[in-house]
Trainee: 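Below are the structure tokens for one structure; questions will follow.
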Amino acid sequence: MNFSAARYAFLALGLSLSVHLPADQGVQIRSDHEAMARKLFADVIAMDTSVIGLETPKMAAYLGERFRQAGFDAADVMEVPTGPNLMSLMVRYPGQDRNARGIGFLAHLDVVTALRKDWELDPFALTERNGFFIGRGTADNKAGVIGLTAAFIKLKKEGYIPSRDLVLLLTADEESGMVSAKHFATVLKEDVNIEYGINADALSGILAPNGSVFGYYVQGAEKSYRSVLLTVRNPGGHSSAPRPDNAIYQLARALIKVEQHKFPVMINDISAGMMRSAAARSDTQTADAIADLIDDPSNVAAEKIVSRNPLLATVIRTTCVATMLEAGHAENALPQSASATVNCRIMPGVDPASVYSALAMAIDDEGVELQPIQKESTIAPASPMREDIMAAISESIEEYADVELVPFMASYGTDGKEFRSVGIPVYGSSGTFMDPREAYAHGLNERLPVKTFYASLGYWERLIKQLANR
Ligand SMILES: [Zn+2]
């Protein structure tokens, strides 16, 4: 996961970027359960599960032992190797109806690399300071791992039996390939056997700088990512004698066409939800345009108005933009080649091949070669925003009860798309609330408010019961 989209949402809404630091305040631990969860959190933050430390086997073994101690059958706690030095964990919580498909809960064990010398504090030691837990993985995604683990353990010890199986899937390489999620969604699909999944790998509750709550994102779709290389070749020559054809000019003309090309507007459950939420905060003209565009995606006048909002502009269509250029070999020579990288963010469920051919048609010049840059990225449809699941999430949030749930489409990838691509809807929802600019996920001094860590424990417990009882 990354947090840039949430940050972007703020910018789109014109909120200020002033930094606010909370006053130093200790957070009281209120129960043995919270103390147990904090101990688990500290223990797993100490494990370097990045591609450098490769400690997902250690973390999977450590957590597996906790589940068995809590009363889970050894056969229901499976350490699953999903690559060299990569260990995932699958825990099945048996329900009453063993024939019904289960409910999946996703989080990832691994973290982005963190170098001790760059951090103010040891990234692999949990520090509590000024109301924050600081350490690699505090926000992305070990609080999610521990929130789910603690809820499973507590419910098991209390003798709770869900109506159907709950299946916890803790993956080992969300940050470096998502092979684990693919393995669960494809090779082990029948064993996993879930109807849908809730992914803890999400920054859901968004707080404004003044501490007021802005909204709660439920991530239901992801754009896919592809790049293409445009290349023009030319015999070249001496720059003192320009030819009528020139690789740089020819490429430049092609790039202008790419800039001007607009992919068709596509409305799915998620983009429609994001638009409706934006409409409620917009002037009448924009709100009307949003309603018109949801009604008729081919309404050009409405599309122009909606696209003025930079966040909405990215969720209503596929976008492609030039990101890199390379051309020529000498100051005094005509260019023998010129090339540009164009990066596309493709709407959920759209075949990249259709995007390449649309670009080729827009460029309309056989002298411009178009070469997809191979980078494996799963194509997945948007998840339908089911009312029962949204209601369960809404009723499980206590920290900021009555917060508006906003469907969210991410422009980055998570494990969720591996499941969506095989027909299993996934909803990103973590139960945590924070100002996204304070998380520093993937960056230095990653942190999570202590208060929201403890609040999320109750969230997971309530959500499991809400979902399992529907
Ligand atoms: Zn993540």
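For reference, positions follow the sequence shown, starting with 1. Side chains are part of it too, since the values below use all heavy atoms of this structure and drop only hydrogens, waters and symmetry mates. Ligands are counted one by one from 1 in listed order, and the atoms in each one are counted from 1 as well.
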Trainee: Not counting sequence neighbours, which residues clear salt bridge (charged side-chain N to carboxylate O under 4.0 Å, His left out) with K154? List them please.
Mentor: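 Applying salt bridge (charged side-chain N to carboxylate O under 4.0 Å, His left out) to K154 gives E158, E461.
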Trainee: Does K156 qualify as a cation-pi partner of F72, given the criterion of NZ or CZ under 6.0 Å from the six-membered ring centre and within 45 degrees of its axis?
Mentor: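 That pair qualifies as a cation-pi contact.
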Trainee: Taking both backbone and side-chain atoms into account, decide whether E174 has an N/O/S atom under 2.8 Å from the Zn ion (ligand 1).
Mentor: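 No, since none of the N, O or S atoms of E174 sits under 2.8 Å from the Zn ion (ligand 1).
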Trainee: Give a yes/no answer: is there an N/O/S atom of D201 under 2.8 Å from the Zn ion (ligand 1)?
Mentor: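 So D201 does bind the Zn ion (ligand 1) by this criterion.
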Trainee: Suppose we only allow N, O or S atoms; which atom of D140 ends up nearest to the Zn ion (ligand 1)?
Mentor: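 Going by distance to the Zn ion (ligand 1), the closest N, O or S atom in D140 is OD1.
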Trainee: Go through the structure and list residues passing side chain to side chain contact (heavy atoms under 4.5 Å, CB included) with T286, not counting sequence neighbours.
Mentor: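 Only S282, D283, I290, I305 meet the side chain to side chain contact (heavy atoms under 4.5 Å, CB included) criterion with T286.
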Trainee: Y216 and F433: aromatic ring centres closer than 6.0 Å?
Mentor: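 When the ring centroids of Y216 and F433 are compared, they turn out to be within the sub-6.0 Å range.
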